**Q** 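One structure, pasted below without further comment.
What you see is a predicted model; the values in this text were computed from it and never measured. Convention: sequence-line order gives letters A, B, ...; per-chain numbering from 1.
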Amino acid sequence: MHATYVLKRLLQIIPTFLAVMLVVFLLVRLLPGDPASAILGDRATADIVERTNRQLGLDRPLPVQFGIFVSRLLQGDLGDSISLKIPVLRLIGERLPVTLFLTVYAAVLGVLMAVPLAVLAAVKRNTWVDAVIRAVFQVGLSLPVFYVALQLLTLLGARLQWFPIGGYGDTFSEHLYHLFLPALTLGLNLAAVLVRTLRNSVIEVLTAEYVDFARAKGLRSNLILSRHVLRNALIPTVTLLGLNIGALIGGAVITETVFAIPGVGRLMVDAIFGRDYPVIQGLTLTFALLVSVVFLITDLIHARLDPRMELS
Amino acid sequence: MKRLTHVTLTLVAALSLGHAAAVTRGGELVYGRYADSLFLDPVLNDANLDIWILTNLYDTLLQPTADGKGVQPGLASSYTPSKDGKSMVLKLRAGLKFADGSALTAQDVKWSLDRARQPDAGAWSSSLASINSITVSGNTVTLLLKRPDPTLPAALATFNAAIMPQKLFTAAPGKNDAEKAKAFAEKPIGSGPFVLSEWKRGSYMVLKRNPYYWKKGSDGKALPYLDRVRFEIIPDDNTRILKLQAGELQGAEFIPLSRVAELKRNANLNMQLFPSTKVNSILMNNRPTLNNGTVNPLSDVKVRQALNYAANKEALIQVVTYGTGKVMKSYMSSTTPLFDASQKGYPYDLAKAKSLLAASKFKGGFEISVLATSGSADDLALLTALQQMWGAIGVRLKIEQVDSATKTARYRANDFQMRTAAWTNDINDPSQITSYYTLFDNIESVHTGFKSAEVDKLFDQSQQELSRINRASQYRRIQSIYLNAAPIIYLYETPYPVALSKKVQGFVQIPLGNNIFSAASLEK
């Protein structure tokens, strides 16, 4: 039953994909400015711009260009980057793992911070502990990501020199070390979102009848918390986490720029400014695919946590 | 007393000599760049991000001097133009090698220059357009010219004339030149001081010492001193500075001018402002009507002059460049060869601005819009200050912020009134900027629409004039005509701000922008 559901969901991605493809294809071409001008700069003569556009096939009618794009895509070819002159697929292959590493790292840190603190705040609700936790994360939520990033860099990176300032490193442990500050930045932001929801749902569950029943049965409160309360309270949080991971992937742009991380976020910014059509198209499709997969996984976890939910 | 001074002087001299001889060899210099290179082929690309690295990988027959005013021998130990100026003989140094150890021959020179001068080879082929044919014999390369060309030495010292290994390039996979270039540029081999050893795009690039480099250091052994240069890509200005302060970098480029004073006070750093050929101006649409058919106030020369006089450059230099800039007096920078020091520019003179405007057809004042690059703090600071300054003569400035690709597209379509702009030369000669700024036939005088038959004629003559004195007077006249016509707002020249660790010695960024690491060293 699960397998057919997953297959069905995956098939549903195809029309979404086609729509995204067409929209992006048209949108990038609606932007003022063309790749030739962007690569050649202000100084290029009209002849050279025209010649470059012809070499890039950008002088052909839009439907023809779209046809070429789709037929290449069906063969697994996203074309070459206009400015870097290397295949887009290779570029994404090099950069995507970096962004995914950062995203997962941030999500793990975010959850590790959010869950215990939210539960603590809920259990100690309306005490000073609750107030402090809520206030800290409220502030965290209202600070812009780039500001938090710079403060962490200045304090933990430059002043105390506990962590390197930016970069990615070459091995797994180096990745963990180099990406700690950016992951913490994003994780704090994520935790701020999660703490509020999770605290409220824990409180809601704590006051539910079945928890009273469990208590009456004489179950230890730790057990009640982990077995009954948390499991149920996590359901809305997982949905929220899923939504936010989608946003994290897209929102890595600022963090990747501040922390000098060679991920897809920065690649996208460079591609947009450089009007590098194949890179913009390739990345948008990748983002669409990733977000669809994250949503699918979220739904599967949701179903696992709540057997009443039917996958159909 | 006298004797003591003498002894001290001798001692100081001895110490400094000792220091010069004891330059440290080895080590890795880590340098922070604001963006990565794109494509490392000298002929098919012309972004500064590539050019400024290419000169470390490839060598040219001649090289620009560090002061930006002339050329010096490079792979060629001498160059001799014929009396009639119709040919030039270059002698290659003996025993030249590429970074893989293979010999660099005259045939490689001929092939490289032939490739670079094909009319459809990149945006730069025209710099070598005067060459008719090239012959080689032994270590001698002879260029036969269509006409005398005073710009040729400078052109031979420019990146697109880099010498590449013919055998390796033609052996690269690919059906045509463009495909071979793509493959070769992944792992380029040149004869410059360094060779590319690793490149993780968007992250870092490592250049290692070319053991076959021909130039000798102060210790009599081959340059470069450094084992490696590692370029880290750090787009954010603050992060680049933090990394430098934390000692993770030994150099960082494009320090925001607003932070220069602060870094100058840092005892561990050497905050350098290298002279550049960068000129910052506002380009104006000089045409009688705009694209939408309305009358263009900027078509009146009195209006353009009035706006120039009403701009207080000294104040702008303080506000925008934090005092690091220098008033611009010609369309070319004062570091450009044949810059005319007697040019007056437009000193701030509000009374003159008012009277000029009153004598124009637009005495009632008008509104005008300027294209600015979105996200550029410098553009915004500049234009808000100008808003005030021009407001004083009744001109209302509207700022339109767009991204740079949009700006280029609008400007290419002549769909603008004013736009902010900066220029740096790529070649050690005034002909490049002059052809762009003053010749309508190039790109409509950087799309201002400026046109002068006299300038066209003078430029033509200057391109064949072998006497430097005559050439200087032709350029003096061109600069004066342009100044009077005022197709642009003359603002300021700005330096290249590079912050280095105190340990770094011998690094230079020349006025053309090239980063020269060949004589850089890391002292203990």
**Q** Checking heavy atoms, do the side chain of A:Val49, its backbone, both or neither come under 4.5 Å from chain B?
**A**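 Only the side chain of A:Val49 comes within 4.5 Å of chain B.
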**Q** Heavy-atom distances under 4.5 Å only: say whether A:Ile48 touches chain B with side chain, backbone, both or neither.
**A**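 The side chain, not the backbone.
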**Q** Please classify the contact between B:Ile443 and chain A as side chain, backbone, both or neither, with a heavy-atom cut-off of under 4.5 Å.
**A**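 The side chain, not the backbone.
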**Q** Most heavy-atom pairs under 4.5 angstrom with chain B, which of A:Pro35, A:Gly166, A:Pro262?
**A**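 Sorted descending by pairs with chain B, the first entry is A:Pro262.
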**Q** Pull every donor-acceptor pair under 3.5 angstrom between chain A and chain B and give the atom names with distances.
**A**
{"unit_1": "A:Ser37", "atom_1": "OG", "unit_2": "B:Arg412", "atom_2": "NE", "d": "3.1"}
{"unit_1": "A:Gly41", "atom_1": "O", "unit_2": "B:Arg412", "atom_2": "NH2", "d": "2.8"}
{"unit_1": "A:Asp42", "atom_1": "OD1", "unit_2": "B:Thr408", "atom_2": "OG1", "d": "2.9"}
{"unit_1": "A:Asp42", "atom_1": "OD2", "unit_2": "B:Arg419", "atom_2": "NH2", "d": "3.0"}
{"unit_1": "A:Arg43", "atom_1": "O", "unit_2": "B:Tyr436", "atom_2": "OH", "d": "3.3"}
{"unit_1": "A:Arg43", "atom_1": "NH1", "unit_2": "B:Thr424", "atom_2": "O", "d": "3.3"}
{"unit_1": "A:Arg43", "atom_1": "NH1", "unit_2": "B:Asp426", "atom_2": "OD2", "d": "2.8"}
{"unit_1": "A:Arg43", "atom_1": "NH2", "unit_2": "B:Thr424", "atom_2": "O", "d": "2.7"}
{"unit_1": "A:Ala44", "atom_1": "O", "unit_2": "B:Arg412", "atom_2": "NH1", "d": "2.9"}
{"unit_1": "A:Arg51", "atom_1": "NH2", "unit_2": "B:Asp120", "atom_2": "O", "d": "3.3"}
{"unit_1": "A:Arg51", "atom_1": "NH2", "unit_2": "B:Gly122", "atom_2": "O", "d": "3.4"}
{"unit_1": "A:Asp80", "atom_1": "OD2", "unit_2": "B:Lys182", "atom_2": "NZ", "d": "3.1"}
{"unit_1": "A:Arg90", "atom_1": "NH2", "unit_2": "B:Glu186", "atom_2": "OE1", "d": "3.2"}
{"unit_1": "A:Arg95", "atom_1": "NE", "unit_2": "B:Arg201", "atom_2": "O", "d": "3.4"}
{"unit_1": "A:Arg95", "atom_1": "NH2", "unit_2": "B:Arg201", "atom_2": "O", "d": "3.4"}
{"unit_1": "A:Ile165", "atom_1": "N", "unit_2": "B:Glu248", "atom_2": "OE1", "d": "3.3"}
{"unit_1": "A:Ile165", "atom_1": "N", "unit_2": "B:Glu248", "atom_2": "OE2", "d": "3.2"}
{"unit_1": "A:Ile165", "atom_1": "O", "unit_2": "B:Lys243", "atom_2": "NZ", "d": "2.5"}
{"unit_1": "A:Val258", "atom_1": "O", "unit_2": "B:Thr239", "atom_2": "OG1", "d": "2.6"}
{"unit_1": "A:Arg266", "atom_1": "NH2", "unit_2": "B:Gly202", "atom_2": "O", "d": "2.8"}
{"unit_1": "A:Arg275", "atom_1": "NH1", "unit_2": "B:Asp403", "atom_2": "OD2", "d": "3.0"}
{"unit_1": "A:Arg275", "atom_1": "NH2", "unit_2": "B:Asp403", "atom_2": "OD1", "d": "3.1"}
{"unit_1": "A:Arg275", "atom_1": "NH2", "unit_2": "B:Asp403", "atom_2": "OD2", "d": "3.1"}
{"unit_1": "A:Arg275", "atom_1": "NH2", "unit_2": "B:Thr406", "atom_2": "OG1", "d": "3.1"}

**Q** For atom CZ of A:Phe273, decide whether the heavy atoms of other residues, nucleotides or ligands shown that lie under 6.0 angstrom number more than 12.
**A**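 Not more than 12 within 6.0 Å, no.
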**Q** Among B:Gly247, B:Ala181, B:Ala409, B:Pro235, single out the residue with the greatest number of heavy-atom pairs under 4.5 Å to chain A.
**A**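 With the most close heavy-atom pairs to chain A, the winner is B:Pro235.
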**Q** Shorter than 4.5 Å, heavy atoms on both sides: which option in A:Ala46, A:Gly33, A:Pro32 has the most such pairs with chain B?
**A**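 The answer is A:Pro32.
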**Q** With rounding to the nearest 0.5 angstrom, report the CD1 to CD1 distance, A:Ile261 to B:Ile234.
**A**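 These two atoms lie 12.0 Å from each other.
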**Q** Would you mind telling me which of A:Gly167, A:Pro164, A:Gly263 has the largest number of heavy-atom pairs within less than 4.5 Å of chain B?
**A**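 Looking at each of A:Gly167, A:Pro164, A:Gly263 in turn, A:Pro164 comes out on top.
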